[in-house]
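What follows is one structure encoded as C-alpha cells, with my remarks underneath.
Order of the sequence lines fixes the chain letters, A, B, ..., with proteins taken first and strands second; residue numbering starts at 1 for each chain. Side-chain atoms are counted along with the backbone in the values below, which use heavy atoms only and exclude waters and symmetry mates.
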Amino acid sequence: MVRVRFAPSPTGTLHIGGARTALFNYLFAKHHHGRFILRVEDTDRARLVEGSEQGMLQGLKSLGIVWDEGPDVGGDYGPYHQSERAARHKEALQQLLDTDQAYRCYCTADELAEERKRQEALKEPPRYSGRCRLRPADDPIHSSGLPFVVRMKVPASGVTVVDDLIRGPVTFENRILGDFVLAKSDGTPVYNFAVVLDDHDMAITHVIRGEEHLSNTPKQILVYQALNLAMPAFAHVPMILAPDHTKLSKRHGATSVEEYREQGILPEALTNYLLLLGWSPPEETEIMTLEQAAQWFDLDRVQHTAAIYDVKKLQWMNSQYLRLLPLSALAEDLQPFLQAQHIHVETGPDLEVAIGLVRERARTLVELAEGIAFLYARPETFETKGIEKHFQGEAPDRLRALADTLSELAQWNHDTVMEAYDKEALRLQVKRAELIHPSRLAVTGRTVGPGLFELLEVLGQKETVARLREAATALEEGRLMPTP
RNA sequence: GACCCCAUGGUCUAGAGGCCUAGGACAUCACCCUUUCAAGGUGGUAACCCGGGUUCGAAUCCCGGUGGGGUCGCCA
C-alpha cells in the first residue's frame, strides 16, 4: 500500500511551493489508492511561529487536500508531531553511537565559524574537518560536562546513489558530504536524522518533496543504511520560481495560499493552477477537478524543470472558475469581500442574481464585489471622462425624460426597458446609444459594466427612476462629484 | 567556489529517432461581434541554448560548452 506524506515546518504560512508539493503527494496517494499522511516537523523550538500550524492545516483543507492521518485526525502511526517522537529519535541516536557510526563533537560554534572562514579563504569546500572524530573513547572530555553535538561518521570514500523516481539515479561522492550533525547540543535531532526515523516508522513508501531536498537525500540514505532500515522511494519535484527566476520570497508579492485567498482567488482555481505547474495531464484539458487529476496523476508526467509562476494565468484560471461555480457557492465565498468593501446586500437585489450579472466580467472576488457594489449603494462619484463625454448639453433633460417614461412602465424587465429606450430614442431623434451611455453613467457612476438593460432589470424600476432623476438634478445644479 | 539538478515561444507545457511545415493554454497584436467594458469568434507575431558526434534521418540518443536553479547550518 502506497503511503506518502507532506511534512511542513510550522514556521510561517503555507507557500504555494509547499502547497503544490502537498497536492502532488495527495494526488499520488489517491491515484494509487494509498494513504496521504500529514506530519508536522516542529523540532526546532526556536523557529516555531504561533498559529502557523493551524494556518497551514486550514490552507491545505481550503485547497481540497485531505489527509488520512495527521495531528488533528490521528492514525495508527502517531504521534504526528515530530517533537513528540523524541524518545524514538534518542534511541536510534544511541544505537548509532553504540555501533560507532556516530560520535560526539565538542567544537564550539565559534570554532566552526572560524574553520569555515578559513576554508572559504582557501577556496576549499566548507566542511567539518572531523577533528572530534578521532577522539579516543577514554578522552577525558567525554566526562567534562561540555556541550556536544552528535555527528555522523560519513565514509571517507565510496558513493551514495539516490535513485530518484523522476530523475533517475543521482550519484554523490561520500567524501564531499562531511560529517553532518544528527543531534544538537540540547539533544534534539536535526531534520536529516529525524526525517529518516519518522518516514520509516510511519511506513512511508514514497518520499515526494521539493527539489531543494535532493542534495540532502544522500545524507539520509547514509542514516538508513547505518540503522539498517528499509528505504522508501524518492522523488524530487521541480521548484516553483518567481517571475525573475529566483526563489520565491515576500518581495515577489503574494506567495502564500492565504494571500491569494485575500486577493480573491478561489481555492479551486489556485489548486487547478498549481496542478499545472510541473505536471501536465495526458489530454489537452486544463480545467479539471481534483478527482479527474487523481485519475491521471503519476510521477512520469512530472516535469524536470523548475516552473515560473505566472499571475496572469492564475487570474485567467480564476475567471474560469468564477463562471463554473454555482452562484450559491460564489455568494458564500464573496461574503468577506462584501464586508471589506462595506457592501450591504440586505436591502438590494438578490445577491445571486447580482453575481450572475457581473461574474463574466470579473477575474477575482475583489473585482466581483466591486462590480456589484452599485446595486446596493447609489454612486457618489462619476467617472470624469464619462462626464465629459456623456453628461454634456441636453443630458439632464434626456435623463429626466427617460425617468418619466420608465416610471410609467407597467412591466419591468430587459425587453420592456429596451423598448422604452427605443421609443424614447425615436422621439428624441437620437441614436439609442446616446441614451444608453448617459444612463449607465447616471445609474452606476461608471462608463463600463454590464449591458444596460440587464443591469436596469436587476436594479429595479423604482431605484432606476430615482437615480436618473438624482443625476439630472445634480448635473443641473453643478454638484456632480467627479471620480478623483 | 565545490557538488548536484535542469534546458521547447515572454510564461505553463505537448513531444519518449521519421507522425514536426514543432501542437495546446496564458499573455500579446489585429479583425469580427457589440450599447460601454469584458466575454466570445477568427486570424497573426513568437520556441527546440550553442558546438560536436551517433544515425539514411535528432527537439528527441551521447559528449563538451554556455546559461539558469539548488545544496553546502547545532533550519526544515
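In this model, the phosphate group of B:G73 is not approached by any side-chain N or O of A:Arg47 to a distance below 4.0 Å at OP1 or OP2. An OP1 or OP2 oxygen of B:U36 is reached within less than 4.0 angstrom by no side-chain nitrogen or oxygen of A:Lys389. For the OP1/OP2 pair of B:C37 and a distance below 4.0 Å, the side-chain nitrogens and oxygens of A:Thr447 include no atom meeting the criterion. Residue A:Lys431 places no side-chain N or O under 4.0 Å from the OP1 or OP2 atom of B:U36. In terms of phosphate contacts, A:Ser215 brings no side-chain nitrogen or oxygen within less than 4.0 Å of OP1 or OP2 of B:G70. For A:Gln82, no side-chain nitrogen or oxygen approaches OP1 or OP2 of B:A76 to under 4.0 Å. The side chain of A:Lys184 places an N or O atom within less than 4.0 Å of a non-bridging phosphate oxygen (OP1 or OP2) of B:A76. When the side-chain nitrogen and oxygen atoms of A:Arg432 are compared with OP1 and OP2 of B:U35, one or more of them lie within a distance under 4.0 Å.
B:G65 and B:G15 have their P atoms separated by 29 Å, with the value rounded to a whole Å. Of the C1' atoms belonging to B:C26 and B:G18, the separation is 32 Å, rounded to the nearest Å. Taking atom C1' on both B:G70 and B:U28, the two are 32 Å apart, rounded to the nearest angstrom. B:U45 and B:G57 have their P atoms separated by 31 Å, given to the nearest Å. With both ends at atom C1', the span from B:G10 to B:A46 equals 9 Å, rounded to whole Å. B:U66 and B:G52 are spaced 14 Å apart, taking the C1' atom of each and rounding to whole Å. When the C1' atom is compared between B:C32 and B:U13, the two are found 30 Å apart, to the nearest whole Å. Separation of the C1' atoms belonging to B:C50 and B:G68 is 15 Å when rounded to the nearest angstrom.
Within 4.0 Å of A:Leu452, counting heavy atoms only, lies at least one base atom of the nucleic acid.
Taking the side chain of A:Thr43 as heavy atoms from C-beta on, and the options B:C4, B:A76, B:U35, the nearest nucleotide is B:A76. In the set B:A25, B:C5, B:C26, B:C26 carries the atom at the smallest distance from any side-chain atom of A:Asp310.
For A:Tyr309 and A:His252, the distance between ring centers is not under 6.0 angstrom. Aromatic ring centres of A:Phe28 and A:Phe36 lie farther apart than the 6.0 Å criterion allows.
At whole-Å resolution of the value, CG in A:Asp422 and C1' in B:U35 are 11 Å apart. The CG atom of A:Asn318 sits 14 Å away from the C1' atom of B:C26 (whole-angstrom rounding). Rounded to an integer number of Å, the gap from CD of A:Glu360 to C1' of B:U34 is 14 Å. Going from atom CD1 of A:Ile308 over to atom P of B:G70 covers 11 Å, rounded to whole Å. Note: CZ (A:Arg127) to P (B:U71) measures 18 Å, nearest angstrom. One can place CH2 of A:Trp316 at 13 Å from C1' of B:A39, the figure rounded to the nearest angstrom.
Two residues, A:Arg167 and A:Asp186, neighbour RNA chain B, and the one matched to the more 5' nucleotide by heavy-atom proximity is A:Arg167. For the pair A:Met418 and A:His304, both in contact range of RNA chain B, the more 5′-proximal nearest nucleotide belongs to A:His304.
Remark: A:Arg432 fails to qualify as a cation-pi partner of A:Tyr421 under the 6.0 Å distance and 45° angle criteria applied to the six-membered ring. Cation-pi check for A:Arg104 over A:Tyr106 is not met; the charged atom does not lie both under 6.0 angstrom from the ring centroid and within 45 degrees of its normal.
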Practice task
Any chance you could list the contact pattern along nucleotides 58-68 of chain B? Use B for base contacts, S for sugar-phosphate-only contacts and - for none, protein heavy atoms under 4.0 Å, 5' to 3'.
Solution key: -----------
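Taking 4.0 Å as the cut-off between side-chain N and carboxylate O, A:Lys117 and A:Glu115 do not count as a salt-bridged pair. A salt bridge does not link A:Asp186 with A:Arg45: every distance from a Lys NZ or Arg NE/NH1/NH2 to an Asp or Glu carboxylate oxygen is 4.0 Å or more. At a threshold of 4.0 Å, the pair A:Arg398-A:Glu424 does not count as salt-bridged, since none of the basic side-chain nitrogens sits closer than that to a carboxylate oxygen. The existence of a salt bridge linking A:Glu212 and A:Lys247 is excluded, since no basic side-chain nitrogen approaches an acidic carboxylate oxygen closer than 4.0 Å.
Within the structure, every pair that satisfies the ring pair (Phe, Tyr, Trp, His ring centres under 6.0 Å) test and touches residues 154-197 of chain A, not counting sequence neighbours, is listed here: A:Tyr191-A:His213.
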